[in-house]
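Please read the structure below before turning to the comments.
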Amino acid sequence: MAVDNRHISPYSTREKIGRMVWAFVQGTIFRCSFHSWNGWRTFLLRQFGATIGSSCIVRRSVRFECPWNLEMGSNSCLGDGVIVYCLGKVTIGNRVSVSQYAHVCAGSHDYTDIDMPLLRPPITICDDVWIATEAFVGPDVKVGEGAILGARGVAVQDLEPWTIYGGNPAKQIKPRPRYDS
C-alpha cells in the first residue's frame, strides 16, 4: 500500500507545540510590551531558543515564526512590522538594520515536486548590512558584509559585500563606501 505523503506535516509535534505557545506569547506579552522594552522582547525570544546579542532593538510589532531558528548579533535592529520567517536558520550579524515592514523569509516549497514539500533553506545577513523598508530577502540568500538592499528591493540571489542593490530582482546600483576604522 502506498503512503500518501501530502498530508504528513513537515513539523514535529514539539515544533507544533512550540509554534502554538510562541504564537500566544507573541500575540500577548511580546506585542503589548512598552515601546522601549527591547530587553524584555529579546529575553522572550531567548526563552524560545533564539540567540540574541547585546544591545539589540526588536520592535514590538516584529513577527517571528520559529524563533528558535534565529541568531542575531549585537547592536542590530528589527524595525516596526518586520517579518522574520525562520522556518530555516536565519543568521543576522552585528550592526544590522532591518527597516520597517521588511520580510526575511527562510521558507519555500519545492515547485518541481507535485506535492510541493516545504523547504527550509537558511538566510545569512552579514555584519553592517542595511535591509531597507519593505525589502524582501528570500530563502538561501547570503547578504554580504556591508551590503544595502534598497527600499522594496527583492533579494533572491546572494548580494555582494559593500554593494548597494535595488529593484526586483535586486540589481547592483553602485559600491558602498567602507567605514573608516
Side-chain angles (χ1 to χ4, degrees), residues 5-27 30 41-42 44-53 56-59 61-74 76-79 81-132 134-149 152-161 165 168-170:
N5 289 328
R6 289 177 292 184
H7 300 292
I8 297 174
S9 175
Y11 300 103
S12 68
T13 301
R14 180 183 171 120
E15 271 186 308
K16 289 176 188 175
I17 293 168
R19 290 177 77 190
M20 286 179 16
V21 174
W22 170 249
F24 176 78
V25 168
Q26 181 171 232
F30 185 95
R41 290 186 289 275
T42 57
L44 290 172
L45 287 164
R46 287 183 188 111
Q47 299 314 297
F48 281 83
T51 303
I52 310 282
C56 287
I57 295 171
V58 177
R59 306 295 291 192
S61 58
V62 176
R63 292 191 347 234
F64 295 93
E65 193 69 37
C66 304
W68 44 88
N69 290 329
L70 174 66
E71 183 176 322
M72 186 172 170
S74 297
S76 290
C77 175
L78 300 174
V82 167
I83 298 170
V84 187
Y85 199 60
C86 307
L87 297 187
K89 179 128 176 101
V90 172
T91 304
I92 298 172
N94 299 305
R95 299 171 305 280
V96 170
S97 181
V98 181
S99 293
Q100 62 273 20
Y101 306 107
H103 190 154
V104 178
C105 181
S108 189
H109 294 273
D110 182 357
Y111 62 87
T112 65
D113 184 326
I114 195 166
D115 295 327
M116 301 261 303
L118 180 66
L119 302 175
R120 301 180 191 196
I123 292 174
T124 301
I125 300 174
C126 296
D127 295 345
D128 302 306
V129 166
W130 177 21
I131 306 297
E134 295 185 345
F136 176 86
V137 179
D140 206 24
V141 169
K142 179 179 181 182
V143 180
E145 179 184 11
I148 295 174
L149 177 59
R152 294 193 174 175
V154 177
V156 292
Q157 295 180 350
D158 292 353
L159 304 184
E160 294 296 316
Y165 289 83
N168 179 7

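All values derive from a computational prediction rather than experimental measurement.
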**Q.** side chain to side chain contact (heavy atoms under 4.5 Å, CB included) assessment of V143 paired with L149
**A.** CA-CA 9 Å; V143 180; L149 177 59; 5.9 Å; no
Under 3.5 Å: donor-acceptor pair, side chain of [X], backbone of [Y]:
| X | Y | value |
| --- | --- | --- |
| S61 | G81 | yes |
| D115 | P117 | no |
| D127 | N94 | yes |
| H103 | F136 | no |

Can you tell me if [X] has over 12 outside heavy atoms packed within less than 6.0 Å of its [atom1]?
| X | atom1 | answer |
| --- | --- | --- |
| R120 | CZ | yes |
| Q47 | CD | yes |
| F24 | CZ | no |
| R152 | CZ | no |

Between [atom1] on residue [X] and [atom2] on residue [Y], distance to nearest 0.5 Å:
| X | Y | atom1 | atom2 | result |
| --- | --- | --- | --- | --- |
| E71 | K89 | CD | NZ | 4.0 Å |
| R19 | Y11 | CZ | OH | 4.0 Å |
| I52 | S76 | CD1 | OG | 9.5 Å |
| I123 | C86 | CD1 | SG | 8.0 Å |
| I148 | Y165 | CD1 | OH | 11.5 Å |
| F64 | L44 | CZ | CG | 10.5 Å |

Please examine the side chains of [Y] and [X], heavy atoms only from C-beta on, and report whether any two atoms are closer than 4.5 Å.
| X | Y | value |
| --- | --- | --- |
| P122 | V90 | no |
| V96 | W130 | no |
| M72 | C56 | yes |

**Q.** V104/I131 under side chain to side chain contact (heavy atoms under 4.5 Å, CB included): CA gap, chis, key distance, verdict
**A.** CA-CA 9 Å; V104 178; I131 306 297; 5.5 Å; no
Considering all heavy atoms of both residues, which atom of [X] and which atom of [Y] are nearest to each other, and what is their separation?
| X | Y | value |
| --- | --- | --- |
| P10 | L118 | CG-CD2, 3.6 Å |
| V62 | G79 | CG2-O, 3.3 Å |
| A170 | L159 | CB-CD2, 4.4 Å |
| S99 | V82 | O-CG2, 3.2 Å |
| L87 | C66 | CD2-SG, 4.0 Å |
| L45 | P67 | CD2-CB, 3.8 Å |

Q. With a 6.0 Å cut-off on ring centres, are W22 and F48 close enough?
A. yes
(Q) Check this for me, if you would: do K142 and D158 make a salt bridge, where the nitrogen-to-carboxylate-oxygen distance has to be below 4.0 angstrom? (A)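 Between D158 and K142 there is no salt bridge, as every charged N stays at least 4.0 Å from the carboxylate O atoms.
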Q: Identify which one of I92, I57, I83 satisfies the side-chain contact (heavy atoms from CB on, under 4.5 Å) criterion when paired with L78.
A: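 So the option named by the test is I92.
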